[in-house]
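Below: one structure, written as structure tokens.
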Amino acid sequence: MKLINVIIKPFKLDDVREAISEIGVEGITVSEVKGFGRQKGHTELYRGAEYQVDFLPKVKLEIAVNDEIVERLVETITKAAYTGKIGDGKIFVYNLEQAVRIRTGEQDSEAL
Amino acid sequence: MKLINVIIKPFKLDDVREAISEIGVEGITVSEVKGFGRQKGHTELYRGAEYQVDFLPKVKLEIAVNDEIVERLVETITKAAYTGKIGDGKIFVYNLEQAVRIRTGEQDSEAL
Amino acid sequence: MKLINVIIKPFKLDDVREAISEIGVEGITVSEVKGFGRQKGHTELYRGAEYQVDFLPKVKLEIAVNDEIVERLVETITKAAYTGKIGDGKIFVYNLEQAVRIRTGEQDSEAL
Amino acid sequence: MEQNIFQLQYALDTFYFLICGALVMWMAAGFSMLEAGLVRAKNTTEILTKNVALYAIACIMYLVVGYDIMYGGGIFLDGIALDGASDAEALVGAVLAESAEAGFDGDAVYSNASDFFFQVVFVATAMSIVSGAVAERMRLWSFLAFAVVLTGFIYPMEGSWTWNGEAVFGLYTLGDLGFSDFAGSGIVHLAGASAALAGVLLLGARKGKYGVDGRVNAIPGANLPMATLGTFILWMGWFGFNGGSVLKLADINSANSVAMVFLNTNAAAAAGAISALVFAKILFKKADLTMTLNGALAGLVAITAEPSTPTPLQATVFGAIAGVIVVLSILAFDKVKIDDPVGAISVHGVVGLFGLMIVPITNPLTADGGASFSGQLIGAATIFVWVFGTSFAVWYVLKKVIGIRVTEEEEYEGVDISDCGMEAYPEFTRG
Amino acid sequence: MEQNIFQLQYALDTFYFLICGALVMWMAAGFSMLEAGLVRAKNTTEILTKNVALYAIACIMYLVVGYDIMYGGGIFLDGIALDGASDAEALVGAVLAESAEAGFDGDAVYSNASDFFFQVVFVATAMSIVSGAVAERMRLWSFLAFAVVLTGFIYPMEGSWTWNGEAVFGLYTLGDLGFSDFAGSGIVHLAGASAALAGVLLLGARKGKYGVDGRVNAIPGANLPMATLGTFILWMGWFGFNGGSVLKLADINSANSVAMVFLNTNAAAAAGAISALVFAKILFKKADLTMTLNGALAGLVAITAEPSTPTPLQATVFGAIAGVIVVLSILAFDKVKIDDPVGAISVHGVVGLFGLMIVPITNPLTADGGASFSGQLIGAATIFVWVFGTSFAVWYVLKKVIGIRVTEEEEYEGVDISDCGMEAYPEFTRG
Amino acid sequence: MEQNIFQLQYALDTFYFLICGALVMWMAAGFSMLEAGLVRAKNTTEILTKNVALYAIACIMYLVVGYDIMYGGGIFLDGIALDGASDAEALVGAVLAESAEAGFDGDAVYSNASDFFFQVVFVATAMSIVSGAVAERMRLWSFLAFAVVLTGFIYPMEGSWTWNGEAVFGLYTLGDLGFSDFAGSGIVHLAGASAALAGVLLLGARKGKYGVDGRVNAIPGANLPMATLGTFILWMGWFGFNGGSVLKLADINSANSVAMVFLNTNAAAAAGAISALVFAKILFKKADLTMTLNGALAGLVAITAEPSTPTPLQATVFGAIAGVIVVLSILAFDKVKIDDPVGAISVHGVVGLFGLMIVPITNPLTADGGASFSGQLIGAATIFVWVFGTSFAVWYVLKKVIGIRVTEEEEYEGVDISDCGMEAYPEFTRG
Ligand SMILES: Nc1ncnc2c1ncn2[C@@H]1O[C@H](COP(=O)(O)OP(=O)(O)O)[C@@H](O)[C@H]1O
Ligand SMILES: Nc1ncnc2c1ncn2[C@@H]1O[C@H](COP(=O)(O)OP(=O)(O)O)[C@@H](O)[C@H]1O
Ligand SMILES: Nc1ncnc2c1ncn2[C@@H]1O[C@H](COP(=O)(O)OP(=O)(O)O)[C@@H](O)[C@H]1O
């Protein structure tokens with residue numbers, strides 16, 4: 001199994017979710033993150049003092065899947081999250097050694 | 001060493017923390033996440049317009065431990081986080097190659 | 001490639017960011033987490049009832065990099081995040097199998 | 001020309017009632033903000049809905065039957081406009097005759113409509129007290145059903161025995177027994193708290209409030225600036241609550257009395273806030289804002305039974321004592337596991353009783369009025385027995401018939417979703 | 001000595017205007033909180049800025065030219081202090097002569113400055129209605145430019161035809177046709193809503209409000225306690241809005257009228273809140289707080305056209321009907337994709353019209369005043385055509401010249417950053 | 001019958017004082033909300049606690065000794081009720097005699113209690129100014145200790161020299177030198193700002209406010225709707241602050257004066273808001289809400305020294321200038337690293353001085369009163385030297401004895417935890 005870690009722009013979340021559920025992935029864990037990278041932030045102003053807000057709100061998806069569908073999943077996500085503008089985000093793939101579904105105790109593939 | 005990644009229902013956090021500290025795990029990193037899976041969300045209503053809130057608040061635990069206690073830990077967590085209702089969550093296990101305690105520079109097992 | 005996962009004290013975020021960008025790392029993903037460990041929390045009081053707030057606000061950094069610079073990066077972070085007080089945090093290193101830049105489809109090293 | 005003087009007096013006294021009434025109406029906002037600030041985010045929309053609805057219900061029910069039960073005048077206030085006169089002209093004549101009879105220094109003559117307006121907002125205050133005590137676990141619609149009964153029947157009955165001087169079920173007349181409650185420490189505040197206590201006893205504590213080991217768990221309010229704002233609003237509104245209760249402004253004596261009431265009301269509130277702050281600091285080693293707010297309210301409730309006769313120094317002392325009482329009372333209720341999220345029963349009930357009992361100190365029983373300790377006790381007992389008893393019965397029936405408590409899941413999820421389907425701060429908290 | 005009675009009458013009526021005016025000024029805070037509570041966090045600083053600025057602009061523009069257009073008296077209110085008299089002494093003499101002529105029971109004689117103060121806050125109210133309807137997508141500076149025109153010209157023109165009884169472009173006089181609008185259901189509320197509608201039509205809906213499939217998406221407000229506070233503030237301020245519109249307090253008849261107005265205003269608001277709450281519950285199965293708040297406001301708007309003649313029962317019924325109308329109207333506007341984030345067009349426009357149309361029921365046309373259905377229709381039409389037409393023209397020019405809508409990115413990021421560079425809740429939300 | 005006219009006049013003037021006083025009391029809520037909105041979330045509970053406590057302390061200290069120091073009348077206000085008369089009857093007689101002597105058009109005769117009530121809220125205002133300037137880093141209890149001294153001694157001394165016309169340490173009498181401060185631009189606002197400045201200088205800037213490279217870092221306020229609400233509350237309360245300072249309502253001249261004060265106060269605030277908004281836009285390219293709010297307050301402070309003599313146009317111009325001054329002043333203080341989180345020193349101090357200096361323009365020195373530039377300068381200097389000097393001494397002693405600043409860790413963690421043990425928004429921020 002693999003764990004796919006995806007960083008995308010927040011407003012792309014729904015598109016990505018739909019896309020990957022279409023190819024049969026049922027579960028995702030999502031969290032709000034701040035991103036630093038090539039894309040630059042904006043400046044704010046408060047009582048005459050300017051300041052740079054250089055983190056950017058991003059959304060991180062963690063998806064555990066079986067090896068065979070990784071490739072398609074990566075493609076699908078790349079399409080769904082794509083805007084072409086800087087800051088679109090990344091996909092990271094790790095190896096997942098074990099998975100357990102707490103409710104049933106099922107292991108690995110059954111747990112996903 | 002392994003990294004145990006656990007997704008549970010928020011109100012189970014304290015139970016799980018106690019359970020795992022009992023078996024000698026001292027450190028955890030916790031974050032609030034949103035989960036999508038088999039469990040379905042609820043609908044809200046605003047000025048006549050209904051809308052589906054389909055993410056569910058979950059809590060994610062990251063626990064770095066030595067290989068030998070992984071098995072017991074997984075069992076303990078499974079018990080502590082169990083309600084039997086859909087949405088109880090998952091346990092994911094990865095390989096952890098290196099760990100450092102910033103304060104002391106200690107490495108690996110000593111760092112945990 | 002490796003994924004470096006770092007837990008630090010929130011007010012150290014800027015120092016760490018500067019330090020690692022100096023050694024040429026361009027991207028980071030940051031999230032707010034709560035930490036449990038040796039460092040103890042504080043107690044709050046509400047209408048006569050005391051309660052222990054035992055999680056501590058921490059910041060988590062995820063940094064994907066090429067193998068060759070991992071060592072220097074770990075050193076740099078250890079220095080930048082160091083206060084010597086308990087609770088300084090941890091650095092965890094995993095293996096990263098694949099990386100994709102969504103905008104360009106670039107793979108692995110090019111994607112970082 | 002003398003007539004015109006009476007006309008001016010009438011107009012000034014009517015205006016005084018209306019402005020004081022508007023200030024008391026403003027207290028509805030104060031209770032809403034106080035309660036919204038002291039509950040958790042997930043129960044905020046619902047407590048707001050309760051507060052808006054209960055104020056509205058109080059206004060309608062009192063208009064429909066409540067005022068009639070308490071003071072007569074017919075349901076739907078029919079004829080409040082002309083008061084039996086054939087037309088506006090005739091009404092002016094009738095009023096002027098009344099004024100002449102009363103005499104310039106006599107009882108106030110003022111518009112009936114302004115009297116209703118000033119009275120109706122008191123009913124709402126009594127009901128507002130209840131919503132805070134039962135917050136975070138009581139069902140919205142059961143609560144509103146109760147509000148209908150309290151504002152339409154329970155309170156008006158009790159009001160008729162006290163402020164309207166009718167005999168209690170024809171048995172005894174409180175006034176004759178030396179009972180006096182200037183602006184309603186008992187008639188409004190103790191009454192509201194009695195109804196709240198009955199509800200809380202049948203409702204039980206919020207899940208997780210009391211640990212098995214008997215320890216009290218903190219359930220912090222979500223928005224303390226709101227709670228502070230609410231307290232300031234109540235403090236301001238109280239000037240109308242007590243100031244208007246002099247019932248006349250437009251002669252030197254009355255004006256002096258109204259001014260003393262403003263002064264003493266403010267002094268008691270200030271003293272209550274400080275003493276609660278300091279006392280809590282001694283007990284907890286911290287400056288507890290919520291206790292300080294309760295202390296200010298306690299000072300206000302304590303002085304309400306008689307704000308016109310104390311000296312400023314006495315008012316200050318009374319307020320300071322109230323500030324200590326309220327802190328102790330809140331801790332005591334937690335000890336016996338009576339869960340009152342905002343401290344309403346302590347502030348309005350315990351301190352309301354205290355307020356009644358100190359009246360004889362500054363306004364002892366004499367030929368022309370005043371209060372005796374026995375009279376105050378009997379009055380307090382009458383109010384408590386009636387309001388607690390009838391309220392308990394109504395809550396009980398509601399509990400059996402439609403239920404008064406939300407389910408455990410609903411309570412965990414928050415009543416905002418289950419009752420209102422709407423979050424109060426959708427972007428600030430994680431669903 | 002009679003003179004002194006007139007002096008007291010003058011002072012009392014002046015004070016009455018000032019206090020009522022202060023209460024109406026307070027409504028500016030109410031609109032601000034209501035709107036700040038019902039928009040998303042990312043658009044909150046900007047809506048607050050709009051509200052503070054529009055109130056300020058209304059005060060200045062009405063002072064500069066508006067009052068002069070509506071009632072005369074010269075630009076910059078020059079000479080409002082002495083009113084043509086050579087000095088204070090002479091002024092007193094002139095006033096006393098005026099009073100003597102008017103007679104004690106005649107029209108009120110009071111300070112011109114207090115009249116301006118009472119009038120100016122009405123202009124601000126009309127403009128406040130607009131800001132809510134165009135929230136979350138209109139550019140700040142285009143909005144403020146419009147505010148200058150509405151408060152300095154559009155409203156004063158319309159006001160001169162109605163409250164100042166001038167002929168509409170010399171063609172017809174509304175008063176003669178049986179038009180009557182006591183406190184401004186039409187002159188203020190319908191007018192504000194007409195300007196808002198024109199703006200919304202040229203502006204379009206917020207991105208994402210209406211799905212392609214024609215479904216309506218919810219865009220929840222960020223802070224419902226704020227919205228509730230705003231409604232309570234408006235409710236309180238309305239006592240000044242309607243109560244002051246009797247225009248005289250200081251005789252028995254007038255005092256009775258003012259008191260009835262307070263009573264009916266409160267009853268209509270309460271009935272509107274309850275009926276909207278219950279009606280929304282029936283439609284949606286949930287207790288919709290925001291609809292309940294709109295219901296209370298609807299009750300207030302409905303009674304504003306004539307709060308002095310209905311019986312309390314009638315006021316209650318009118319308010320209850322308004323509460324139902326506003327819910328239906330809000331749903332209807334969403335159906336036709338007219339996006340009004342706070343429901344301002346429904347509350348002030350649709351219900352404002354309803355308020356005008358029910359006047360003849362309780363105050364039919366007679367020799368000495370009153371209203372006819374036809375007169376009300378003509379009046380409503382006149383107000384709508386004028387305000388909608390001129391506003392549409394102004395919005396249109398603004399759209400062409402500087403643009404009225406923020407860019408899509410700005411809208412997505414939130415106008416707080418693009419217009420104000422400042423977040424309203426920097427620590428509560430994730431930038 | 002003439003007596004009854006005097007009675008009515010007495011009652012009306014007393015009521016006028018009480019209502020104005022209640023409006024000024026309301027300003028305490030305004031300062032609380034303004035400051036709570038402009039500090040960071042982690043320091044909110046503590047600033048709220050300070051505001052509630054300082055208001056309470058001001059009320060008590062002024063009651064105990066302050067009023068006696070400023071106007072005499074004995075500590076604890078003993079005998080304020082009867083004012084030396086044997087009983088209520090005798091008091092009425094005494095009052096009527098006083099009225100007859102003063103004459104209908106003469107100085108106002110009204111209840112002493114209402115005078116105290118109106119005066120006491122001014123003390124609280126002065127103290128409220130301080131809390132904002134020292135926010136986010138000063139220890140709670142040291143602050144409250146200072147509040148005791150300022151409200152019980154420093155302010156009353158200064159007040160006795162100005163509004164009570166006593167010679168400054170028997171040396172010179174400000175009134176004779178052509179000093180005039182109608183409602184307290186100097187006596188209240190400059191005084192409060194002087195005390196604040198002394199505190200800030202000894203306290204130092206918030207950690208992180210000024211970068212090593214001398215750059216100014218933004219520390220955004222956590223809740224701008226709260227700050228906006230606070231400003232509206234202050235704006236409303238100011239009608240009582242200035243309007244009540246005419247000190248008489250109940251004759252034609254006085255009523256006209258009160259009305260002009262309301263009109264000018266509102267105009268100055270509106271002009272200040274607009275000019276600050278526009279000026280900030282020019283400087284920063286953004287519509288800065290917080291500067292706009294400060295601008296409105298600056299307009300109010302500027303007109304406070306003399307709101308009755310300017311024409312509406314003059315009031316507008318004065319307010320507009322004040323709006324520009326306040327923006328420049330805030331930037332200037334940051335340049336010299338004087339850290340004032342809410343801009344209190346600029347709004348109340350710098351603009352307060354400006355307000356004093358423009359009095360001679362509309363109210364020049366004449367036989368019967370008025371102000372001269374020299375007189376205003378001497379007055380301002382007297383107030384500043386006395387209040388700054390004594391405050392500096394008190395702050396200094398506190399600093400040495402118990403310390404006035406929290407530790408660096410406490411400041412980083414937020415003073416809510418260290419001083420109050422309680423978060424203001426436990427669910428919205430990540431403690
Ligand atoms: N080396 C990295 N490690 C972890 N996260 C990264 C890394 N590089 C980029 N990211 C994440 O991806 C987001 C987008 O990257 P960025 O360089 O801004 O644009 P792009 O995706 O077009 O290259 C960043 O905001 C950050 O959250
Ligand atoms: N494939 C997956 N990858 C990552 N997280 C998952 C995956 N499947 C489920 N989850 C997480 O586990 C939570 C519970 O899963 P769910 O399918 O709802 O119920 P159950 O745990 O009973 O199977 C989800 O809310 C989500 O956060
Ligand atoms: N075994 C672990 N797994 C995951 N996170 C850990 C672990 N141990 C510690 N942490 C994280 O590191 C933070 C600091 O650890 P702590 O033991 O408090 O101090 P120190 O870093 O000095 O050892 C904790 O708050 C927690 O977030």
Side-chain angles (χ1 to χ4, degrees), chain A residues 3-17 27-64 77 81 83 85-92 94 96 99-100 102-103, chain F residues 34 37-40 132 135 205-206 208-211 213-224 227 276-277 279-295 297-298 324 326-335 337-347 430:
Chain A
L3 181 95
I4 320 283
N5 232 324
V6 190
I7 315 286
I8 58 171
K9 290 181 168 163
F11 71 97
K12 278 291 193 180
L13 177 57
D14 290 337
D15 304 357
V16 174
R17 262 186 54 221
I28 317 176
T29 298
V30 174
S31 45
E32 293 173 340
V33 296
K34 308 171 187 174
F36 300 88
R38 284 154 197 68
Q39 185 189 5
K40 292 288 151 258
H42 63 276
T43 64
E44 296 194 11
L45 193 78
Y46 185 76
R47 298 171 76 68
E50 262 203 29
Y51 60 108
Q52 177 76 7
V53 179
D54 47 14
F55 68 79
L56 294 146
K58 300 279 172 188
V59 162
K60 175 175 143 191
L61 290 72
E62 289 168 89
I63 318 168
I77 294 170
T83 72
K85 293 218 198 64
I86 195 159
D88 274 356
K90 314 278 183 194
I91 303 174
F92 300 123
Y94 317 90
L96 175 58
V100 182
I102 289 167
R103 172 167 49 95
Chain F
L34 179 64
L38 291 180
V39 299
R40 285 163 292 181
R206 288 167 294 173
K209 173 68 182 178
Y210 303 110
D213 52 350
R215 76 184 296 274
V216 179
N217 299 316
I219 302 182
N223 193 335
L224 296 192
L277 172 64
F279 188 59
K281 170 76 176 178
I282 293 165
L283 292 182
F284 315 139
K285 310 270 163 297
K286 294 283 185 183
D288 188 319
L289 173 62
T290 65
M291 285 296 191
T292 309
L293 301 178
N294 283 151
L297 298 176
V324 172
V326 78
V327 173
L328 292 172
S329 170
I330 286 168
L331 296 177
F333 275 114
D334 267 340
K335 283 261 164 306
K337 296 192 168 26
I338 292 177
D339 181 19
D340 177 356
V342 305
I345 299 171
S346 298
V347 169
R430 309 303 202 67

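Numbers restart at 1 for each chain; the letters A, B, ... are given by sequence-line order, proteins then strands.
Judged purely by atom type and a 3.5 angstrom limit, A:Asn5 has no side-chain atom pairing as donor or acceptor with the backbone of A:Phe92. Using a distance-only test at 3.5 Å, with no hydrogens or angles considered, no donor-acceptor pair links the side chain of F:Lys286 to the main chain of F:Leu283.
Only the side chain of F:Asn294 comes within contact range of chain A, judged by heavy atoms closer than 4.5 Å. For F:Leu289, no part lies near chain A; criterion is any non-hydrogen pair under 4.5 Å. Contact of F:Leu331 with chain A is made through the side chain alone, with heavy-atom distances under 4.5 Å. F:Leu293 does not touch chain A: none of its heavy atoms, backbone or side chain, sits under 4.5 Å away.
Enclosure of atom NZ in F:Lys285 by more than 12 non-hydrogen atoms of other residues, nucleotides or ligands within 6.0 angstrom is indicated.
Listed by chain and number, the residues in a side-chain hydrogen bond (donor to acceptor under 3.5 Å, both in side chains) with A:Lys58 are A:Gln39 (sequence neighbours excluded). Looking at residues two or more places apart in sequence or on another chain, you find a side-chain hydrogen bond (donor to acceptor under 3.5 Å, both in side chains) between F:Asp288 and F:Thr290.
Note: F:Gly221 leads F:Ala280, F:Gly221, F:Gly343 in heavy-atom pairs under 4.5 Å with chain A.
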